[in-house]
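Heads up, the thing below is written out as structure tokens.
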Amino acid sequence: MKALVTGGGGFLGLYIVEQLLDDGVAVRVICRKRYERLDQLGVEWVQGDIQNAEVVESACDGVDVVFHVAAVPGIWGPWEMFHGINTVGTSNVIAGCRKHGVRKLIYTSSPSVIFDGHDHVDADESLPYPTKFLSHYPNSKALAEQAIIAANGPELATCAIRPHLVWGPRDTQLVPRLIQRAQSGRLRLVGDGTNVISMAYVENVAAAHLQAEKALEPGSNVAGQVYFINEPESVNCSEWIITLLGCAGLPPVNKRISAKAAYRVGKVCEGVWSLLRLSGEPPMTRFLAGQLASSHSYSIKKAVRDFGYTPQVSVEEGLRRIEPELKQLVSGT
């Protein structure tokens with residue numbers, strides 16, 4: 001089997017590449033820049049942007065399965081950026097698969113596509129898309145996910161994986177930002193401290209993609225489906241943040257802001273950033289306030305039932321593996 005991994009040099013994509021190689025699968029990746037780790041692994045590399053339909057189509061030639069991981073994350077930025085990479089890029093991947101007769105397409109989605117600002121506790125895949133999005137990222141990902149599911153058919157089997165709050169070694173987004181804010185004294189716990197969340201260790205998420213691929217065939221139970229992927233047990237959001245800070249050797253954060261106040265601050269920040277055209281992301285947005293203050297935990301029963309999803313790395317082991325990196329972030333080495 002030969003697999004194409006879009007975004008194969010990124011955080012999750014690289015773990016998928018490594019696990020595919022461990023399974024004896026030939027791997028090609030498409031990404032915008034070269035990565036030293038990919039060179040070390042000896043995988044075939046296609047340089048390009050998934051917004052370029054011709055590059056994507058060429059990369060799909062001769063592969064049996066595509067893991068579409070490439071995306072632009074974030075809570076702030078122009079619609080054109082998120083839509084171009086996340087939505088149009090996904091349409092290009094689907095077209096490339098159809099052009100070259102690729103039989104399987106596994107898409108990395110996000111639970112944020114169904115975030116409606118309300119508490120989700122042990123929720124399942126029956127949750128509908130919201131009627132309004134507070135951020136361009138989930139909106140663009142929801143459009144892409146719908147396109148992926150609509151593309152499922154007898155020639156191309158598709159499914160979507162929704163990993164929640166992916167963490168682990170080599171993370172460049174979630175954990176580093178948390179550490180940076182804690183060190184600068186800008187970190188605040190949002191809400192009353194009772195909200196629970198689901199977390200997903202990165203190697204378990206990568207394994208879920210491979211497990212889904214093995215079960216994915218035209219007409220199978222997995223074809224045309226979406227799946228939440230995270231640890232079986234949810235965690236208290238505030239306690240989880242404090243645990244990570246402790247692993248990094250940092251004291252627990254004791255500053256807190258109410259959910260309503262955080263929402264108001266987010267709305268003001270969005271207005272200021274838009275009016276003054278400031279660069280970078282605002283320290284708070286309405287979407288981020290809602291994410292930090294509400295409960296969002298998800299059931300993995302469907303993934304367990306349909307393709308035998310089983311987390312391979314425990315939370316305790318994951319913390320042990322990430323601890324040296326956390327301490328390096330704090331020390332700046």
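Phe115 and Val113 are assigned to two separate hydrophobic clusters, defined by single-linkage of ILVMFWY side chains at heavy-atom distances under 4.5 Å. Linking ILVMFWY side-chain heavy atoms closer than 4.5 Å, directly or via other members, places Ile161 and Tyr129 in two distinct hydrophobic clusters. Neither Leu244 nor Val190 shares a network with the other; the hydrophobic side chains, linked directly or stepwise wherever heavy atoms of I, L, V, M, F, W or Y lie under 4.5 Å apart, form separate groups for each. In the hydrophobic clustering of ILVMFWY residues, with side-chain heavy atoms under 4.5 Å counting as a link, Val313 and Leu165 come out together.
Side-chain contact check for Val29 versus Tyr35: every heavy-atom pair is 4.5 Å or farther apart. Two residues are said to be in side-chain contact when any heavy atoms from C-beta on lie closer than 4.5 Å; Arg188 and Met284 fail this criterion. Contact check for Asn52 versus Asn92: no side-chain heavy atoms found under the 4.5 Å cut-off. Side-chain contact between Cys269 and Trp76 is absent, with no heavy atoms from C-beta onward closer than 4.5 Å. Leu319 is not listed as a side-chain neighbour of Glu323, based on a closest heavy-atom distance of 4.5 Å or more. The shortest distance between side-chain heavy atoms of Ile114 and His120 falls below 4.5 Å. Between Arg98 and Glu155 there is no side-chain heavy-atom pair separated by less than 4.5 Å. At least one side-chain heavy atom of Tyr298 sits under 4.5 Å from a side-chain heavy atom of Pro111.
Note on residues 40-54: pairs passing salt bridge (charged side-chain N to carboxylate O under 4.0 Å, His left out), not counting sequence neighbours, are Lys2-Glu44, Arg28-Glu44. Counting only residues at least two apart or on different chains, the salt bridge (charged side-chain N to carboxylate O under 4.0 Å, His left out) pairs with a member in residues 249-274 are Glu270-Arg286. Counting only residues at least two apart or on different chains, the side chain to side chain donor-acceptor pair (under 3.5 Å) pairs with a member in residues 196-205 are Tyr201-Glu203, Glu203-Arg321, Asn204-Glu231. The salt bridge (charged side-chain N to carboxylate O under 4.0 Å, His left out) contacts involving residues 64-90 comprise nothing, where partners must be two or more places apart or lie in separate chains. Within the structure, the salt bridge (charged side-chain N to carboxylate O under 4.0 Å, His left out) test picks out the following pairs touching residues 212-230 (sequence neighbours left out): Asp23-Lys214, Arg103-Glu217, Lys104-Glu213, Lys104-Glu217. Among residues at least two apart or in separate chains, side chain to side chain donor-acceptor pair (under 3.5 Å) pairs with a member in residues 276-285 are Arg177-Glu281. The side chain to side chain donor-acceptor pair (under 3.5 Å) contacts involving residues 158-169 comprise Glu145-Arg162, His164-His296, where partners must be two or more places apart or lie in separate chains.
Using a distance-only test at 3.5 Å, with no hydrogens or angles considered, no donor-acceptor pair links the side chain of Arg186 to the main chain of Gln183. Of the possible donor and acceptor atoms, none in the side chain of Ser220 sits under 3.5 Å from a partner among the backbone N and O of Leu216. The backbone N or O of Ala261 lies less than 3.5 Å from a partner atom in the side chain of Ser258, making a donor-acceptor pair. Between the side chain of Asp119 and the backbone N or O of Ser295, at least one donor-acceptor pair lies under 3.5 Å. A donor-acceptor pair under 3.5 Å is formed between the side chain of Thr6 and the backbone N or O of Val69. In terms of modelled atom types and a separation under 3.5 Å, the side chain of Gln47 and the main chain of Arg32 share a donor-acceptor contact. No side-chain donor-acceptor contact under 3.5 Å links Asp124 to the backbone of Ser299. In this structure, Ser331 contributes its side chain and Gln328 its backbone to a donor-acceptor pair below 3.5 Å. No donor-acceptor distance shorter than 3.5 angstrom exists from the side chain of Ser135 to the backbone of Pro138, with no hydrogens or angles considered.
Going from atom CG of Asp171 over to atom CZ of Phe11 covers 4.5 Å, rounded to the nearest 0.5 Å. Once rounded to the nearest 0.5 Å, the distance linking CD1 of Ile179 with CG of Leu187 reads 9.0 Å. One finds the OG atom of Ser238 at 6.0 Å from the CG atom of Asn195 (value rounded to the nearest 0.5 Å). Taking NE2 of His83 as the reference point, atom CD of Gln51 lies at 10.0 Å (rounded to 0.5 Å). In this structure, Lys141 NZ and Thr87 OG1 are separated by 9.0 Å, a value rounded to the nearest 0.5 Å. Once rounded to the nearest 0.5 Å, the distance linking CD of Glu57 with NZ of Lys99 reads 5.0 Å.
A salt bridge does not link Arg320 with Glu316: every distance from a Lys NZ or Arg NE/NH1/NH2 to an Asp or Glu carboxylate oxygen is 4.0 Å or more. Taking a cutoff of 4.0 Å between a charged side-chain nitrogen and a carboxylate oxygen, Glu18 and Arg170 qualify as a salt bridge. The existence of a salt bridge linking Arg34 and Asp39 is confirmed by a sub-4.0 Å separation between a basic side-chain nitrogen and an acidic carboxylate oxygen.
Residue-environment remark: CD (Gln180) stays at or below the threshold of 12 foreign heavy atoms within 6.0 Å. Within 6.0 Å of atom CD in Glu36, 12 or fewer heavy atoms from other residues, nucleotides or ligands are found, so the atom counts as exposed in its surroundings.
Nearest approach of Leu288 to Arg181, heavy atoms of both residues: CD2-NH1, 4.4 Å. Between Leu20 and Ala3, the shortest heavy-atom contact is CD1-CB, 3.9 Å. Here the closest heavy-atom approach between residue Pro163 and residue Val166 is recorded as CB-CG2, 3.7 Å. When all heavy atoms of Ile229 and Ala303 are compared, the closest pair comes out as CD1-CB, 3.7 Å. Closest heavy-atom contact between Gly168 and Val202: CA-CG1, 4.0 Å. Residues Gly193 and Asn236 approach most closely at O-ND2, 2.8 Å, considering heavy atoms.
Remark: Ala206 engages Leu12, Tyr15, Ile16, Gln19 in a side-chain contact (heavy atoms from CB on, under 4.5 Å) (not counting sequence neighbours). The side-chain hydrogen bond (donor to acceptor under 3.5 Å, both in side chains) test applied to Thr131 returns no partner, not counting sequence neighbours.
Chaining together hydrophobic side chains whose heavy atoms lie under 4.5 Å apart places Leu143 alongside Trp79. Residue Val196 shares its hydrophobic cluster (ILVMFWY side chains chained together at separations under 4.5 Å) with no other residue. In this structure, Val102 shares a hydrophobic cluster with Leu4, Ile30, Val46, Ile50, Val55, Val56, Val63, Val66, Val72, Met81, Phe82, Ile85, Val93, Ile94, Leu105, Tyr107, Tyr137, Ile148, Ile149, Leu156, Val226, the cluster being traced through Ile, Leu, Val, Met, Phe, Trp and Tyr side chains under 4.5 angstrom apart.
Taking the six-membered ring wherever Trp is involved, the centroid distance between the rings of Tyr227 and Phe307 falls below 6.0 Å.
With Ser297 as reference, Val121 is the one residue of Val121, Val235, Asn230 to meet the side-chain contact (heavy atoms from CB on, under 4.5 Å) rule.
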Run the side-chain contact (heavy atoms from CB on, under 4.5 Å) test on Met199 and Trp240 for me, step by step, so that the C-alpha distance in whole Å, both residues' side-chain angles and the decisive distance to 0.1 Å come before the verdict. CA-CA 9 Å; Met199 304 293 295; Trp240 176 250; 2.8 Å; yes

Decide side-chain contact (heavy atoms from CB on, under 4.5 Å) for Leu245 and Ile241; before the verdict, give the C-alpha distance in whole Å, the side-chain angles of both, and the deciding distance to 0.1 Å. CA-CA 6 Å; Leu245 295 179; Ile241 291 173; 4.2 Å; yes

